[in-house]
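Below is one structure, written out as structure tokens; the observations come after it.
We use all heavy atoms of the structure for the numbers below, so side chains are in, but hydrogens, waters and symmetry mates are not.
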Amino acid sequence: MGRKPLDVEKIVMDLIISDDSATKKRLAKKIFALAYKNGIYPSSIHDFYTARGRGEFSGFTVPAINLRSMTYDLARALFRVAKTNGSAAFIFEIAKSEMGYTNQPPLEYSGVILGAAIKEGYSGPVFIQADHCQLNAKKFLENPKKEVEALQGLIADCLSAGFYNIDIDSSTLVDLSKKDIKKQQECNYEVCAKLTQFIRRIEPKGITVSVGGEIGEVGHQNSTPEDMRAFMSGFKERLRKGLIGISKISVQTGTSHGGVVLPDGSIAQVKLDFETLKDLSEIAKKEYGLAGAVQHGASTLPVEAFHKFAECGAAEVHLATEFQNMIYESRHFPNELKAKMYDWLKVNAASEKKDGETEEQFFYKTRKKALGPFKKDIMGLPMAVRDAIAQDIENKFDFLFKQLNTVNNKALIDKYIILKRVIVRKREEGKEVVHDGEGAD
């Protein structure tokens with residue numbers, strides 16, 4: 001008798017629910033093997049982006065979507081939307097901070113994404129990204145070496161989990177108190193170059209990891225052409241000769257992560273500077289061969305704004321909070337569970353409540369932090385409930401793909417992205433990851 005086929009959904013659910021790291025590794029390994037067997041490859045978008053930087057194509061913006069909860073259900077929805085729209089230029093991402101408060105370590109996140117691809121019959125490259133690999137400015141000032149090494153550890157974990165797209169965020173180190181713009185960016189470009197060199201040293205054989213830099217911290221002062229040129233000039237000086245640098249650059253043009261919440265819990269209208277985004281994208285492409293500028297904190301913008309990203313040449317747009325909001329505010333999300341989560345926040349996030357802040361503002365600002373502690377409760381909801389919530393968000397994904405014009409581009413991705421199977425082993429001392437790239441099966 002033949003062997004019973006593996007139930008990928010059961011493996012994914014076991015991966016999500018398990019608290020044992022050894023079990024998680026074993027289950028993720030099963031999913032990776034199944035993914036390769038089904039023609040699904042964790043990949044780097046680097047070659048696609050550098051082709052864009054050379055002017056070989058344009059006209060659309062790549063969505064990079066952070067899945068903080070219901071990751072399996074929403075990833076399945078994303079793959080369905082991609083198939084319907086003939087798209088392969090989209091990214092799954094999770095930020096350093098999100099890995100913590102959503103309780104989704106890198107190997108779990110990538111395993112769940114690949115499991116969703118298997119379930120939906122998707123094939124080809126899957127782009128998984130570590131968003132905001134960020135340095136804490138205060139800790140950096142106290143002990144730069146320790147802070148950089150901690151981030152290197154996270155990046156190594158992400159690479160070993162199939163994250164072949166890494167966004168370095170050392171923009172927290174920009175010092176606006178200095179008059180000279182290059183001096184303002186100095187710590188930023190020095191650390192970004194150092195971390196890029198680290199990535200090039202440990203990246204899998206045959207894969208050039210897509211690395212992003214950032215010149216302006218989201219929610220702060222808008223970026224300028226002078227900022228970009230100062231950063232890129234310093235970065236190129238500091239990067240070891242012969243090494244491949246970054247493929248895109250994140251800028252600040254007026255957004256903030258999660259939006260600005262008003263006393264009644266609604267989101268303030270944001271005036272995003274699309275002209276600045278357009279100018280910076282042009283400079284990034286024409287002067288440095290990058291894919292263009294990257295916009296963060298965009299998911300809560302008004303719906304009429306999204307078509308402008310493609311029009312102004314933005315390479316990539318990051319979308320996160322609105323999908324979390326849609327889960328919480330869904331008519332299908334159980335009120336009892338939401339009340340439990342909010343009660344937990346009243347105790348465990350009490351220190352974050354500011355004087356004069358309404359309860360609506362407090363919950364909106366902190367509720368992302370309940371997603372990890374209640375991950376099992378959310379994934380334990382009846383399938384019909386999860387499907388209903390995911391359907392509404394799937395419609396939003398479809399709207400965004402069309403607005404960003406990331407449709408009918410699978411042939412372009414296939415042209416520039418070579419599929420590589422990566423075998424990950426550990427050195428005997430167990431400290432450094434070794435990768436061997438193999439051609440696609």
Side-chain angles (χ1 to χ4, degrees), residues 49 52-53 61-64 93 95 129 131-135 137 140 166-193 195-196 210-239 245-260 270-301 305-306 308-320:
Y49 274 178
R52 181 178 179 135
T61 298
V62 173
E93 67 178 4
Q129 182 159 279
D131 183 26
H132 282 303
C133 289
Q134 192 176 75
L135 292 107
F140 182 83
I166 306 286
D167 274 3
I168 297 167
D169 182 6
S170 43
S171 68
T172 50
L173 308 180
V174 172
D175 187 353
L176 295 175
S177 70
K178 294 179 177 174
K179 287 184 180 178
D180 181 80
I181 292 175
K182 194 164 180 182
K183 284 286 182 190
Q184 290 176 5
Q185 293 284 340
E186 188 172 22
C187 270
N188 184 14
Y189 64 66
E190 282 186 347
V191 171
C192 188
L195 290 170
T196 302
S210 173
V211 179
E214 185 157 343
I215 58 170
E217 193 178 351
V218 177
H220 292 257
Q221 184 173 302
N222 278 12
S223 304
T224 66
E226 292 75 24
D227 293 334
M228 180 175 285
R229 291 185 177 113
F231 173 87
M232 289 303 300
S233 165
F235 177 80
K236 288 170 85 174
E237 288 164 11
R238 291 294 189 274
L239 190 69
I246 61 176
S247 61
K248 59 184 178 177
I249 190 155
S250 295
V251 300
Q252 167 58 7
T253 59
T255 60
S256 60
H257 286 304
V260 176
V270 174
K271 190 169 169 49
L272 194 144
D273 188 347
F274 281 103
E275 274 306 306
T276 293
L277 187 60
K278 183 179 180 179
D279 291 346
L280 294 174
S281 266
E282 281 298 302
I283 292 167
K285 284 184 275 193
K286 289 182 177 172
E287 296 183 23
Y288 304 106
L290 306 181
V294 176
Q295 176 68 55
H296 286 261
S299 72
T300 54
L301 289 172
F306 287 98
K308 294 179 182 176
F309 289 110
E311 288 172 9
C312 71
E316 185 177 301
V317 62
H318 290 211
L319 307 159

Please name the pair of heavy atoms, one in [X] and one in [Y], separated by the smallest distance, quoted to 0.1 Å.
| X | Y | answer |
| --- | --- | --- |
| L239 | G245 | CD2-CA, 3.7 Å |
| P63 | L319 | CB-CD1, 4.1 Å |
| G313 | K285 | O-NZ, 3.7 Å |
| S281 | A315 | OG-N, 4.3 Å |
| I246 | C192 | CG2-SG, 4.4 Å |
| A230 | K182 | CB-CA, 3.8 Å |

Looking only at atom types and distance, does a side-chain atom of [X] sit under 3.5 Å from a main-chain N or O of [Y], one as donor and one as acceptor?
| X | Y | result |
| --- | --- | --- |
| S223 | Q252 | yes |
| T172 | L135 | yes |
| T61 | F309 | yes |

Rounded to the nearest 0.5 Å, what separation is found between the [atom1] atom of [X] and the [atom2] atom of [Y]?
| X | Y | atom1 | atom2 | result |
| --- | --- | --- | --- | --- |
| L290 | I249 | CG | CD1 | 6.5 Å |
| C312 | E275 | SG | CD | 8.5 Å |
| D131 | I166 | CG | CD1 | 10.5 Å |
| R229 | T224 | CZ | OG1 | 9.0 Å |
| S210 | D167 | OG | CG | 7.0 Å |

So, T276 and T253: side-chain donor and acceptor under 3.5 Å apart, yes or no? no
Between the side chains of S170 and N188, does any donor sit under 3.5 Å from an acceptor? yes
Under a 4.5 Å cut-off applied to non-hydrogen side-chain atoms, are [X] and [Y] in contact?
| X | Y | answer |
| --- | --- | --- |
| E311 | F274 | no |
| H132 | E214 | yes |
| M232 | E287 | no |
| L280 | P225 | yes |
| V251 | M228 | yes |

Partner set under side-chain contact (heavy atoms from CB on, under 4.5 Å) for Q184, not counting sequence neighbours: V174, L176, K178, I181, D227
With sequence neighbours left out, what residues match Y288 under ring-ring contact (aromatic ring centres under 6.0 Å, His included)? none
Relative to each other, are the rings of F235 and F231 parallel, tilted or perpendicular (30° and 60° limits)? parallel
Parallel, tilted or perpendicular: which fits the ring planes of H318 and H296, with parallel below 30° and perpendicular above 60°?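 Judged by the thresholds at 30° and 60°, the geometry between H318 and H296 is tilted.
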Could you tell me whether K183 and E186 make a salt bridge, using a distance below 4.0 angstrom between a side-chain N and a carboxylate O? yes
For K278, does the NZ atom have more than 12 heavy-atom neighbours from other residues, nucleotides or ligands under 6.0 Å away?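 Check fails, neighbour count at 12 or below.
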